[in-house]
2 protein chains.
Amino acid sequence: MQSKSKVTIHDIAEKLNITASTVSRALNDNPRISDVTKKAVLKAAKQLNYQPNNIAAALRNGKSYIIGIIVPTADRSFFASVVRGIEEVANKLNYKVIISQSYDSHEKEIQTIDALLSARVDGIIASIGKNTESFDHYKRIEREGIPLVLFDRTTDLLEVSQVMIDDYLGAYKVVEHLIQQGCSRIGHFTSPKNVSIFRERLRGYVDALKNYGIPYDEELVVKSNLQLEDGRESMKQLLTLRDRPDAVFSSSDFAAMGAMQVLKENKIRIPEEVALAGFSNDPFTSFTDPALTTVDQFSLTMGKKTAEVFFEQLRAGKKEVVPQKIVLKPELIIRESSLRKK
Amino acid sequence: MQSKSKVTIHDIAEKLNITASTVSRALNDNPRISDVTKKAVLKAAKQLNYQPNNIAAALRNGKSYIIGIIVPTADRSFFASVVRGIEEVANKLNYKVIISQSYDSHEKEIQTIDALLSARVDGIIASIGKNTESFDHYKRIEREGIPLVLFDRTTDLLEVSQVMIDDYLGAYKVVEHLIQQGCSRIGHFTSPKNVSIFRERLRGYVDALKNYGIPYDEELVVKSNLQLEDGRESMKQLLTLRDRPDAVFSSSDFAAMGAMQVLKENKIRIPEEVALAGFSNDPFTSFTDPALTTVDQFSLTMGKKTAEVFFEQLRAGKKEVVPQKIVLKPELIIRESSLRKK
DNA sequence: TTATAACATGCAATCGGTTGCGCAATTGAT
DNA sequence: ATCAATTGCGCAACCGATTGCATGTTATAA
């Protein structure tokens with residue numbers, strides 16, 4: 001078989017005794033080409049098993065029909081879902097998606113942006129890493145004149161569109177719920193990093209306490225990296241307090257799970273003695289015993305919405321697009337870990 | 001700022017009064033260029049904020065430095081981890097990765113392959129969808145002369161390299177373990193689809209029973225799509241048997257979880273009355289109560305290994321590469337759900 | 001019948017790097 | 001001092017598709 005790849009429009013042209021220009025126009029359904037010719041071209045293309053070379057087209061057009069996605073890590077349920085949502089929308093529009101992971105490293109984030117720009121992606125969708133404090137590398141994206149849309153972990157230091165959930169509201173609802181369940185000494189796990197989502201959740205926690213006349217106690221707020229092990233440590237720390245908490249709201253489901261383990265190991269009943277709530281509605285939360293109260297972030301929807309905003313902006317092109325800020329409403333998922341009154 | 005993107009090697013050449021050829025060679029560290037010139041070029045490149053256009057290079061070289069990955073779905077923990085592993089290796093080699101989802105649809109799988117080929121990826125790594133029965137679309141990849149490597153859900157109907165775990169062995173170990181725990185009437189959840197991994201696990205189940213002199217009972221093998229809800233239904237079905245099972249080995253962690261829920265709802269003690277085991281070591285399995293016994297598939301390792309095999313093949317190029325079949329050893333993770341003897 | 005419009009296709013440049021070949025200049029050996 | 005070897009760089013074609021402009025042909029109008 002001579003089909004060693006590489007059948008080009010020139011081969012089709014030669015076969016039909018016409019020029020590559022005509023073939024190109026025929027394949028693109030250009031009205032200036034007769035139907036007869038078009039049909040002949042299509043037929044020849046099938047016969048020769050022609051495969052368009054998007055790279056050549058991309059070079060000529062300056063569009064690659066590929067968009068880049070940057071996430072801290074691709075195997076975390078939340079990000080995986082968002083990516084899936086983006087991909088669904090992108091595919092429908094005939095765009096492909098390149099996924100890169102920043103591993104929450106500032107350095108890697110810069111490299112990744114470099115790589116994507118060199119790959120000539122038509123735009124970038126990103127969620128900022130935990131350790132990113134300056135945003136010059138993101139500004140390079142704007143300078144290249146291609147759209148940038150941020151989701152979830154965003155920043156107001158960049159004038160770009162953002163899609164996120166209302167972390168403040170989500171946290172507020174959780175704490176309000178815990179209070180309504182009769183809890184009055186509520187612990188909180190948060191991150192030491194200056195990341196907006198954790199700041200907002202902390203703010204929601206503080207405001208909810210305030211609005212219900214519950215004093216804020218710094219002792220009850222524990223900072224960590226919010227992984228499972230961190231949650232275990234944080235919980236142990238809270239248990240050493242003379243005045244123990246009767247509830248814990250963790251900014252992460254994993255840390256909440258760690259807390260649950262420690263509580264169970266200490267034979268402390270959940271939710272009777274300590275009510276528990278996480279954040280993110282990671283799939284595992286419904287499988288724990290007791291099932292974990294948490295906040296759903298509608299990750300798939302966020303992905304789709306982000307993609308929509310992105311493509312809207314892509315279509316708009318140069319015309320100064322006004323950055324939009326889309327804030328999705330989170331949903332409190334009440335499960336057994338916090339349900340005292342049945 | 002005139003940096004409206006598009007600084008090319010020609011701009012650098014002009015600035016230095018040399019030609020684009022020299023700039024190109026300098027940037028690629030070609031030995032035929034003097035160090036003086038190289039330094040000047042690098043300096044000018046920084047100054048002008050030059051961003052190489054990989055698309056142009058890709059067109060000329062016939063390599064895009066992008067590889068395509070096809071997975072049924074990107075947000076399942078297992079696939080997300082494999083992808084992560086592949087990406088780590090790829091990035092180290094300066095390759096980018098395009099992720100496409102087939103959603104287990106034969107049709108979508110074909111479209112996806114089309115799209116990737118058009119994007120001129122340098123090769124494809126894939127896991128076959130559940131509903132794929134013919135493989136002509138995969139053969140097109142070989143015909144294009146680019147490498148194809150399959151992982152996990154593979155087939156012997158294609159002469160390509162494959163990386164998988166020993167599903168047979170994993171299943172055998174699980175069942176052997178259950179038997180050693182004193183179980184003798186062991187149910188099994190499997191898929192009706194003709195997918196190798198499920199076939200192999202079933203085979204392991206059957207052989208283990210046989211080797212330990214336990215009769216095979218068709219009634220105990222339930223076929224379903226293996227999702228959570230399916231697991232619930234399957235468990236309910238098994239509970240209607242006059243002679244109930246004293247253990248269940250599910251080919252999926254999710255279905256095992258469904259079974260666990262039903263058992264708990266029926267106040268049937270795990271593992272005392274019914275021992276339970278899943279397959280995949282999905283992150284949630286360590287969070288259930290009791291924690292679920294399962295089989296680890298080393299997804300990250302599988303991803304890395306797959307990428308290694310892939311790049312090995314990519315480097316080999318045309319030279320008839322002999323397809324390798326790499327079978328990783330799975331690990332039985334024994335947890336409370338099956339541990340009767342403590 | 002002739003001028004004009006409408007139509008179908010060809011020509012050639014272009015996108016931005018890459019590379020085989022060639023030429024000039026410098027170096028070294030005899 | 002002479003010739004070959006080495007070094008450093010330019011020329012121009014090329015990768016494959018796209019597109020403004022030109023050309024040739026046929027149909028319509030005057």
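Numbers restart at 1 for each chain; the letters A, B, ... are given by sequence-line order, proteins then strands. Note that the structure is a prediction, hence the values are computed from the model and not measured.
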Looking at B:E107, B:H106, B:E109, which hits side-chain hydrogen bond (donor to acceptor under 3.5 Å, both in side chains) with B:T132?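 Answer to the side-chain hydrogen bond (donor to acceptor under 3.5 Å, both in side chains) test with B:T132 among B:E107, B:H106, B:E109: B:E109.
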Compile the donor-acceptor pairs under 3.5 Å between side chains in residues 71-83 of chain A and protein atoms, sequence neighbours left out, one pair per line.
{"residue": "A:T73", "atom": "OG1", "partner": "A:D75", "partner atom": "N", "Å": "3.2"}
{"residue": "A:T73", "atom": "OG1", "partner": "A:D75", "partner atom": "OD1", "Å": "2.5"}
{"residue": "A:T73", "atom": "OG1", "partner": "B:R84", "partner atom": "NH1", "Å": "3.2"}
{"residue": "A:D75", "atom": "OD1", "partner": "B:R84", "partner atom": "NH1", "Å": "3.3"}
{"residue": "A:S81", "atom": "OG", "partner": "A:S77", "partner atom": "O", "Å": "3.3"}

Which nucleotide in the set [options] lies at the smallest distance from any side-chain heavy atom of [X]?
X: A:N28; options: D:dG8, C:dT18, D:dT18; value: D:dT18
X: A:R25; options: D:dC21, C:dT19, C:dG16; value: D:dC21
X: A:A56; options: D:dG16, D:dT18, C:dG16; value: D:dG16
X: A:T37; options: C:dC11, C:dG16, C:dA8; value: C:dA8
X: B:L59; options: C:dG16, D:dA17, C:dT9; value: C:dG16
X: A:R60; options: C:dT9, C:dG17, D:dT19; value: D:dT19
X: B:H10; options: C:dG17, C:dG10, D:dG10; value: C:dG17

[X] vs [N]: side-chain N/O to OP1/OP2 distance below 4.0 Å:
X: B:Y50; N: C:dG17; answer: yes
X: A:N61; N: C:dC15; answer: no
X: A:S21; N: C:dT9; answer: no
X: B:S34; N: D:dT7; answer: no
X: A:T19; N: C:dG10; answer: yes

Can you list the steps and then say if A:K6 with A:D11 is a salt bridge (charged side-chain N to carboxylate O under 4.0 Å, His left out)? CA-CA 9 Å; A:K6 67 187 112 185; A:D11 298 321; over 6 Å; no
Mind checking if B:N30 touches a base, just sugar-phosphate, or nothing, with heavy atoms under 4.0 Å?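 If one applies the 4.0 Å heavy-atom cut-off, B:N30 turns out to touch nothing in the nucleic acid.
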